[in-house]
Student: 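Quick one: the structure is below, and I'll ask about it shortly.
Letters go in sequence order (proteins before strands), and every chain restarts at 1. Values below: every heavy atom of this structure, side chains too, minus hydrogens, waters and symmetry copies.
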There are 2 protein chains.
Amino acid sequence: MITIDLDSSEPLFNQLIIQIKKTIENRLLKPGDSLPSIRQLAAELDINSKTVAKAYRLLERDNVLVSKGYRGTFVHPKAEENLQVNIKEWLDTELPKDVARYRAAGATDSEIRIAFNQAISKTGN
Amino acid sequence: MITIDLDSSEPLFNQLIIQIKKTIENRLLKPGDSLPSIRQLAAELDINSKTVAKAYRLLERDNVLVSKGYRGTFVHPKAEENLQVNIKEWLDTELPKDVARYRAAGATDSEIRIAFNQAISKTGN
DNA sequence: AGTTGTACCAGCGTGTCAAATGGTACATAT
DNA sequence: ATATGTACCATTTGACACGCTGGTACAACT
C-alpha cells in the first residue's frame, strides 16, 4: 500500500506525504477512513516512528488528515479539497518572487541569506 | 586611519565598510578623494587583498565609492547622501515582513528555510 | 616595469541546518 | 495491560554557506 525508497533523495517523511495523498486521490482512502497508527506504519516500513509522526503532523496541518488522539488518525472529511492546498507549494511560488525582488534591488545572494537568517532566527517557532 | 580587530566577530570586510563610511561621515574623506589601493590597504592591515576588494566592491554598489579601474578608487561625488541608503538595511526591513507573511500562512520555519534555499540556489549570482 | 581594479581558480575552518534515529514519558482511552 | 497521539530529551550524518586566504591572469594606464 505504501512503499519507501531508502535510496531516494526524497526525504522519507515527504515520500509518505506524497503517497498518502495519492492514495486519497485514488479513493483507496476516503474521508473518515482510519490510517494505520504511527507506530504500526513505522514498524511495517521499518523506519522510525518520529518520521511517520512528522508526515502525519504536516498532513494534519494541511487538513488532509485529522488526529483524534488515542483513537487514531483519520482522513479529513474535506481531504480531497485540500490535496492541492499545500503550504509547501505556496512557499515554492511565493519565495522565488520575493528573492527576485531582493536581487532586483541589487542585493547579493550572500546578503539576502544573511538578512534571511537574521529575520527567521528572531522570534522563531 | 583604519584599524582592524582580528578577534572581533564582525567580519573583516564589514569592519572596513563601517570604518570607511565613518571616515567619510567625519569628512576626513571628501567626495572625489582617492582611497588607498586595494593591495596597498591590504598590505598595511596585513589582510588579504580579496577582503579589501570585497569591501570596496560593496561600497561601490551602494554609491559610496567609485572605482576608476587602473586609476584607483575614489569617494563617490554624492557619497554623503548614500551613507544611509544601504541595501543591507533595506533587506533588514523587507525580509522580516515577508517571513512574517510565510509564518502567518502556517509555514514552519524549517519549511520556510527549505523553500528559501531552493529559491535562492536556482539561478544564483 | 610597475600599479590599478577585476576576474577566475581553489582550499580551509567553522558553524548551521535538515533528516533521521533512539529513548523516555505522559494522559487518555479500550 | 495495551494502544493511541504527542511531547520532550538526545545524537549522528551529510550537505552547504560564510569568511578568509592564496595564486594566477588580464587589460589599461603611468
Student: Does a nitrogen or oxygen in the side chain of Thr51(B) sit under 4.0 Å from OP1 or OP2 of dC20(D)?
Tutor: no
Student: Answer with base, sugar-phosphate or nothing: what part of the nucleic acid does Lys54(B) contact at a heavy-atom distance below 4.0 Å?
Tutor: sugar-phosphate
Student: Using OP1 and OP2 only, check whether a side-chain N or O of Ser67(B) sits under 4.0 Å from dG5(C).
Tutor: no
Student: Check the angle between the aromatic planes of Phe116(B) and Phe116(A) and answer parallel, tilted or perpendicular using the 30° and 60° thresholds.
Tutor: parallel
Student: Would you say dC20(D) has OP1 or OP2 under 4.0 Å from some side-chain N or O of Asn48(B)?
Tutor: no
Student: Is Arg71(A) close enough to dT4(D) that one of its side-chain N or O atoms is under 4.0 Å from OP1 or OP2 there?
Tutor: no
Student: Exactly one of Thr108(A), Asp98(A), Asp109(A) should register a side-chain hydrogen bond (donor to acceptor under 3.5 Å, both in side chains) with Arg103(A). Which one does?
Tutor: Asp109(A)
Student: Once you round it to whole Å, what is the distance between P of dA18(C) and NZ of Lys88(A)?
Tutor: 14 Å
Student: Please determine whether a side-chain nitrogen or oxygen atom of Tyr70(B) lies at a distance below 4.0 Å from atom OP1 or OP2 of dC29(D).
Tutor: yes
Student: Can a salt bridge be assigned to the pair Arg101(B) and Glu94(A) using a cut-off of 4.0 Å between side-chain N and carboxylate O?
Tutor: yes
Student: To the nearest Å, give me how far apart CG (Asn117(A)) and P (dG19(D)) are.
Tutor: 11 Å
Student: Does dT4(D) have OP1 or OP2 sitting under 4.0 Å from an N or O in the side chain of Thr73(A)?
Tutor: no
Student: Quick check: do Gln15(A) and Asp5(A) have side-chain heavy atoms less than 4.5 Å from each other?
Tutor: yes
Student: Using atom CZ of Phe116(B) as one end and atom P of dC16(D) as the other, report the distance to the nearest whole Å.
Tutor: 15 Å
Student: With Val75(B) as reference, evaluate Asp33(B), Val66(B), Thr23(B) under the side-chain contact (heavy atoms from CB on, under 4.5 Å) test and give the passing residue.
Tutor: Asp33(B)
Student: What is the separation between atom CG on Leu65(B) and atom P on dT4(C), rounded to the nearest whole Å?
Tutor: 16 Å
Student: Any heavy-atom pair between the side chains of Val64(B) and Ile17(B) that's under 4.5 Å?
Tutor: no
Student: Among residues at least two apart in sequence or on other chains, which ones pass side chain to side chain contact (heavy atoms under 4.5 Å, CB included) with Pro11(B)?
Tutor: Phe13(B), Asn14(B)
Student: Rounding to an integer number of Å, can you tell me how far Gln118(A) CD sits from dC17(C) P?
Tutor: 13 Å
Student: Residues of residues 6-16 of chain B with any non-hydrogen atom less than 4.0 angstrom from an atom of DNA chain D: list those, numerically ordered, please.
Tutor: Pro11(B), Leu12(B), Phe13(B)
Student: Provide, to the nearest angstrom, the distance between the CD1 atom belonging to Ile120(B) and the C1' atom belonging to dC16(D).
Tutor: 13 Å
Student: Tell me which nucleotide among dA25(D), dT6(D), dC18(D) gets nearest to the side chain of Arg39(B).
Tutor: dA25(D)
Student: Could you check whether the side chain of Arg57(B) and the base of dG5(C) have a donor-acceptor pair of N or O atoms closer than 3.5 Å, going by distance alone?
Tutor: no
Student: dT3(C), OP1 or OP2 - any side-chain N/O from Ser37(B) closer than 4.0 Å?
Tutor: no
Student: Atom CG of Leu83(A) and atom NE2 of His76(A): how far apart are they, to the nearest 0.5 Å?
Tutor: 11.0 Å
Student: Looking only at the side chain of Ile114(B) (C-beta and beyond, no hydrogens), which of the listed nucleotides dT6(D), dA18(C), dG5(C) gets closest?
Tutor: dA18(C)
Student: Could you tell me how far apart Arg61(B) (CZ) and dG5(C) (P) are, to the nearest whole angstrom?
Tutor: 19 Å
Student: Send over the distance from Glu60(B) CD to dG5(C) C1', rounded to a whole Å.
Tutor: 9 Å
